[in-house]
Every structure is written in structure tokens, then in C-alpha cells.
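Bear in mind that the values here come from a model prediction, so they are computed numbers and not experimental data.
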Amino acid sequence: MTSVPVLEAKNLTRRFGGVVAVNDVSLRVGRSEIVGLIGPNGSGKSTMVNLITGELPADGGRLIFDGADISSQPSYRRARLGMARSFQMLRLFLSLSVEENLLLAHHIRMKSSMFDTIIARRSAVEEENSVRKRARELLAWFDLEEFADNPVSALSIGQQRMVELARGLISEPKLFVLDEPAAGLSPPNVDRLITLIHRMRDEFGMSILLVEHDMRVVRDLCDHVVVLDSGVMIAKGIPEMVVKDPVVVEAYIGSGWKRRAKA
């Protein structure tokens with residue numbers, strides 16, 4: 001019997017005035033699967049991600065997460081259910097320390113109330129200590145433990161990308177939506193990112209929806225790929241087949257990207 005996928009987007013549609021940004025798009029992310037969402041600028045990728053994570057409401061379609069319909073749920077409830085995301089443009093709190101960025105991200109899943117924390121109720125103190133321990137473990141996992149008390153603004157872009165990934169992991173998501181995690185990274189850091197995302201899936205058992213322009217990242221990481229163009233899904237399949245699809249190449253990838261995909 002086939003297991004229930006962690007995410008099913010069914011016929012999602014979103015309009016902005018007379019423009020249909022996402023038009024009747026469906027995709028599926030299985031358990032412990034990495035699915036790529038690719039397409040050129042203006043293809044609807046960002047809108048699709050925002051529909052999935054609850055940043056935007058859909059005009060049509062349904063969204064099933066872990067077997068439950070969450071189509072009407074706001075983004076914070078989707079986060080509580082086990083959905084995390086990163087952003088193409090880093091959204092870290094630059095004035096806070098590296099560790100504080102992780103602690104703040106976990107706040108939405110805290111069982112203790114703010115009042116319990118203020119009065120230092122024992123259960124709240126124990127929970128905070130547990131979260132701090134987990135934050136340190138994740139920072140060590142990303143080779144960032146020595147920077148835990150530093151302001152995140154003092155880190156390089158590559159290190160800040162790692163902080164964002166650690167921040168997403170601390171909530172123990174069932175699905176991690178990664179929005180162009182390789183953006184701005186040097187080739188050696190892209191290699192390291194690929195290794196870390198593989199480990200995230202394999203060691204934490206999570207599913208990943210990956211939005212990415214770097215076809216090397218897509219090819220090396222993704223089990224399946226969904227291709228958008230002008231808000232419409234034009235292809236899906238394994239990466240090696242998709243980049244050779246004449247419809248995909250003709251529509252927007254172009255021969256230059258195809259040559260890079262083979263590199």
C-alpha cells in the first residue's frame with residue numbers, strides 16, 4: 001500500500017488581477033523525498049511556494065499536508081503542523097546572535113507560555129534549556145557552534161545560509177521548503193550545501209521541496225522535478241529526463257542551460 005505523501009497540492013490557482021500567476025498546478029512530495037520546482041523568472045515558482053506555505057491564499061485548488069486539508073490554514077498554523085521554509089533573500093535577525101535566531105524560530109512550537117517563561121516556572125525553564133541544547137547540537141552539525149554567541153551579521157553569506165537551514169531544522173519539520181538555498185554561494189559552498197541537504201533528508205527523515213536555479217544542485221539532489229512556465233506545469237519527472245525534454249528546452253531553459261546541466 002502506498003504511503004500518504006507529506007504534501008499534495010491539487011489544482012492550485014492564483015490570480016493577480018487579470019494575470020494568472022499559477023494556473024491549475026498540482027504537485028506531490030512523498031515521504032523523505034526531495035522534489036525540485038524549477039522554471040525561469042516569472043514562471044510562478046515563488047507564487048506556488050507562497051501558496052504552499054500560506055503566505056498567499058489560493059483562488060482555487062486544495063492543499064493536503066500529512067493527510068489533512070490545510071487549504072484554509074494560515075502560515076503560522078502550517079508551521080505548527082510541521083512545515084518550515086527558507087527564503088531566497090535571507091530573513092535572519094541580524095542584530096541577534098546565531099543561537100538566538102534558532103531559539104526565536106522554535107518559539108512557535110513552545111509548550112510553555114510567555115507568562116511561564118517570565119516567572120521562570122520550572123517546566124518553562126526545563127523546556128528552554130532543552131531547546132538551547134538542541135540549538136547547540138544543530139549549530140555543531142553545521143560547524144557553527146563556535147559562532148553561537150556572535151551576531152549573525154558578523155557571519156559570511158555562506159554561514160548565514162547554514163544558520164537559516166539550522167533555524168528551519170530546529171522546528172523538526174516534516175516538510176522543509178528551500179527557496180534557492182544556493183543563491184550567492186561560491187562553488188565550494190554549493191558542494192557543501194548539496195552534501196548537507198542530502199544529510200538533512202537522510203538523517204532527519206524529512207521531505208524537501210527545493211526551488212532552485214542551479215541545475216547542478218537540482219540534478220544532484222532531486223528525486224523528481226516539476227517544471228513551471230508562465231504559471232503552468234509543462235513537465236515533470238526525474239531531473240535527467242526533464243532537462244532533455246524538447247518542450248522544456250524550447251520553452252525556457254535554452255541550449256545554454258542544457259549544456260550547464262551536463263557539466
Mind listing the closest non-hydrogen atom pair of I170 and R167 along with its distance?
CG2-O, 3.2 Å
Atom of R192, atom of F142 and distance for their closest heavy-atom approach
NH2-O, 2.9 Å
L144 with L94, same ILVMFWY side-chain cluster at under 4.5 Å
yes
For L169 and M206, what are the C-alpha separation, side-chain angles and deciding distance, and is it a side-chain contact (heavy atoms from CB on, under 4.5 Å)?
CA-CA 9 Å; L169 284 178; M206 69 182 62; 2.9 Å; yes
Working to the nearest 0.5 Å, report the span between CG of D202 and CD1 of I34.
7.5 Å
So, are R31 and D66 salt-bridged, with charged N and O less than 4.0 Å apart?
yes
Kindly compute the distance separating CG (L165) from CD (Q160), expressed to the nearest 0.5 Å.
12.0 Å
So do D229 and V247 actually touch side chain to side chain, heavy atoms under 4.5 Å?
no
Shortest non-hydrogen pair, P5 vs E8, comes out as CG-CG, 3.4 Å
Run through T195, I197, L196, N189 and flag the one making a side-chain contact (heavy atoms from CB on, under 4.5 Å) with L193.
I197
Validation row: M48, V226 side chains within 4.5 angstrom (heavy atoms):
no
Hey, could you give me the OG/CG distance between S26 and N11, rounded to the nearest 0.5 Å?
4.0 Å
Can V248 be reached from M241 by stepping across I, L, V, M, F, W or Y side chains whose heavy atoms are under 4.5 Å apart?
no
Under the criterion side-chain contact (heavy atoms from CB on, under 4.5 Å), which of E212, R201, H198 is the partner of L221?
H198
With side chains defined as the heavy atoms from C-beta onward, is the minimum distance between L210 and I38 less than 4.5 Å?
no
Less than 4.0 Å between a side-chain N and a carboxylate O, is that true for K236 and D223?
no
Between D191 and R216, is there a salt bridge with N-O shorter than 4.0 Å?
yes
With a 3.5 Å distance limit and no angle check, can you tell me whether S32 reaches the backbone of G205 through a side-chain donor-acceptor pair?
yes
Non-hydrogen side-chain atoms of L7 and R28 separated by less than 4.5 Å
no
Apart from V20 itself, residues in the same hydrophobic cluster as defined by side-chain heavy atoms under 4.5 Å:
none
What distance separates D69 CG from K10 NZ, expressed to the nearest 0.5 Å?
8.5 Å
Looking at side-chain heavy atoms only, is the closest gap between L102 and V163 below 4.5 Å?
yes
Can a cation-pi geometry be assigned to R14 and F16, taking NZ or CZ under 6.0 Å from the six-membered ring centre and within 45° of the ring axis?
yes
Are H213 and K45 side-chain neighbours, meaning at least one heavy-atom pair lies under 4.5 Å?
yes
Are I52 and M83 packed together at the side-chain level, in the sense that at least one heavy-atom pair is separated by less than 4.5 angstrom?
yes
Say you draw a straight line from OG1 of T53 to CD of Q73; how long is it, rounded to the nearest 0.5 Å?
13.5 Å
Below 4.0 angstrom, N of the basic side chain to O of the carboxylate: do E99 and R136 qualify?
yes
Do I64 and L51 belong together in a cluster built from hydrophobic side chains that touch within less than 4.5 Å?
no
Indicate yes or no for a side-chain donor-acceptor contact from R85 to the backbone of D179 under 3.5 Å, with no hydrogens or angles considered.
no
What heavy-atom pair brings L175 and F65 nearest, and what distance separates the two atoms?
CB-CE1, 3.7 Å
Between F147 and L155, the two heavy atoms sitting closest are CB-CD1, 4.2 Å
Which pair of heavy atoms, one from L12 and one from A9, lies closest together, and at what distance?
CD1-CB, 3.8 Å
To the nearest 0.5 Å, what is the distance between CG (L178) and OG (S86)?
4.5 Å
